[in-house]
Amino acid sequence: MPVAGSVRSIMVSSHHIAAAFRDVTKRFGETAILEDFSLEVAGGEFVSIIGPSGCGKTTLLRLLAGLTEPSGGEITQEGQAGRSAYIFQDATLLPWRTALRNVELPLQLAGVSRDERRQRAEELLKLVGLSDATLKYPRQLSGGMKMRVSLARGLALQPSLMLLDEPFGALDAMTRNRLNEELLDLRERQPFTALFVTHSVSEAVFLSNRIVVMSGQPGRIAVVETIDFPYPRKSALREQPEYYEKVAKVTGLLHQAEEVVA
Ligand SMILES: Nc1ncnc2c1ncn2[C@@H]1O[C@H](COP(=O)(O)OP(=O)(O)O)[C@@H](O)[C@H]1O
Ligand SMILES: [Mg+2]
């Protein structure tokens, strides 16, 4: 029965879990930073995390990347840990390497041959719209261009999971909006699951399937809001009343979560 078979395979893929936190607790010394944090991220899902400063958002990404260990609970990630990429607010490019050679770096470290890594880095820079800047050094690039190089470098090893920690927080609003659209566009062309930390509610609404609103401290999930605008999402979405309403709703949820601290 081909119909039943295909329905089942769709169901299986929608239940496939790319990353999960189960009852995760994190302490630094005596201080509980995260408590009973549980979240499952489905394959291909885009999940944003917002919450007051210090509620443990960066710690969540670091736990998932294996950069720090949980004090309790369990963290799982599909595939090998090496299949995730970590993008920071600061593009963290090497100043003495050109854009091209910055993107080549993870490929070089993975032992990819010179010709192949050059070709792949060129393709990636083209993907982020920087074909004309491959030989420029970071100091010759704008903030938005540096972040595009950082995204290209992050995509170099074709990660199944992208961990993004306020990647557009230092950019002006117009560049940020443009990069939001570009990030979704990149995901259409090279699919990945995303866990995205931001302080911007409008950015989270624009990008995400779900927004996790945290309260702190210790960090916990206050509420999870589903955003079901269909993808591909284009800039026109920002002018829709449904979009404004969602931004207002999530802003209210965030304010409630922040009052938990006070
Ligand atoms: N290595 C560490 N040692 C001690 N405390 C830490 C360490 N890393 C983070 N913290 C503390 O954990 C809390 C959460 O930090 P973080 O995850 O960076 O929060 P957020 O990203 O939400 O602002 C903060 O109070 C921070 O000071
Ligand atoms: Mg942080």
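One-based numbering, in listed order, for ligands and for the atoms of each. Along the sequence shown, residues carry numbers from 1.
Between F28 and ligand 1, a contact under 3.5 Å exists for no N or O pair. The distance criterion of under 3.5 Å between nitrogen or oxygen atoms is met by G54 with respect to ligand 1.
The protein heavy-atom contact nearest to atom 15 (O) of ligand 1 is T59 OG1, 3.8 Å.
Residue contacts with ligand 1 leave out R62, since none of its heavy atoms falls under 4.0 Å from the ligand.
For Q190 (side chain) and L155 (main-chain N/O), a donor-acceptor pair under 3.5 Å exists by modelled atom type.
Taking all atoms of both residues into account, the shortest heavy-atom contact from G154 to I87 is CA-CD1, 3.9 Å.
Atom CG of L184 and atom CZ of R189 lie 11.5 Å apart (nearest 0.5 Å). Atom CD in E242 sits 12.5 Å away from atom CD1 in I227 (nearest 0.5 Å).
Within the 4.0 angstrom cut-off, atom 26 (C) of ligand 1 has no protein heavy-atom neighbours. Distance remark: protein heavy atom present below 4.0 angstrom from atom 19 (O) of ligand 1.
Set against the non-hydrogen atoms of I33, the atoms of ligand 1 under 4.0 Å away are 11 (C), 12 (O), 13 (C), 14 (C). Listed by number with element, the atoms of ligand 1 under 4.0 Å from a non-hydrogen atom of S53 are 23 (O).
The local environment of CD in E188 is crowded, with over 12 non-hydrogen atoms from other residues, nucleotides or ligands closer than 6.0 Å. Heavy atoms from other residues, nucleotides or ligands lying under 6.0 Å from CZ of R114 number 12 at most.
At least one N/O/S atom of T58, from backbone or side chain, sits under 2.8 Å from the Mg ion (ligand 2).
In terms of hydrophobic clustering, with Ile, Leu, Val, Met, Phe, Trp and Tyr side chains grouped at heavy-atom distances under 4.5 Å, M162 and V47 are assigned to different clusters.
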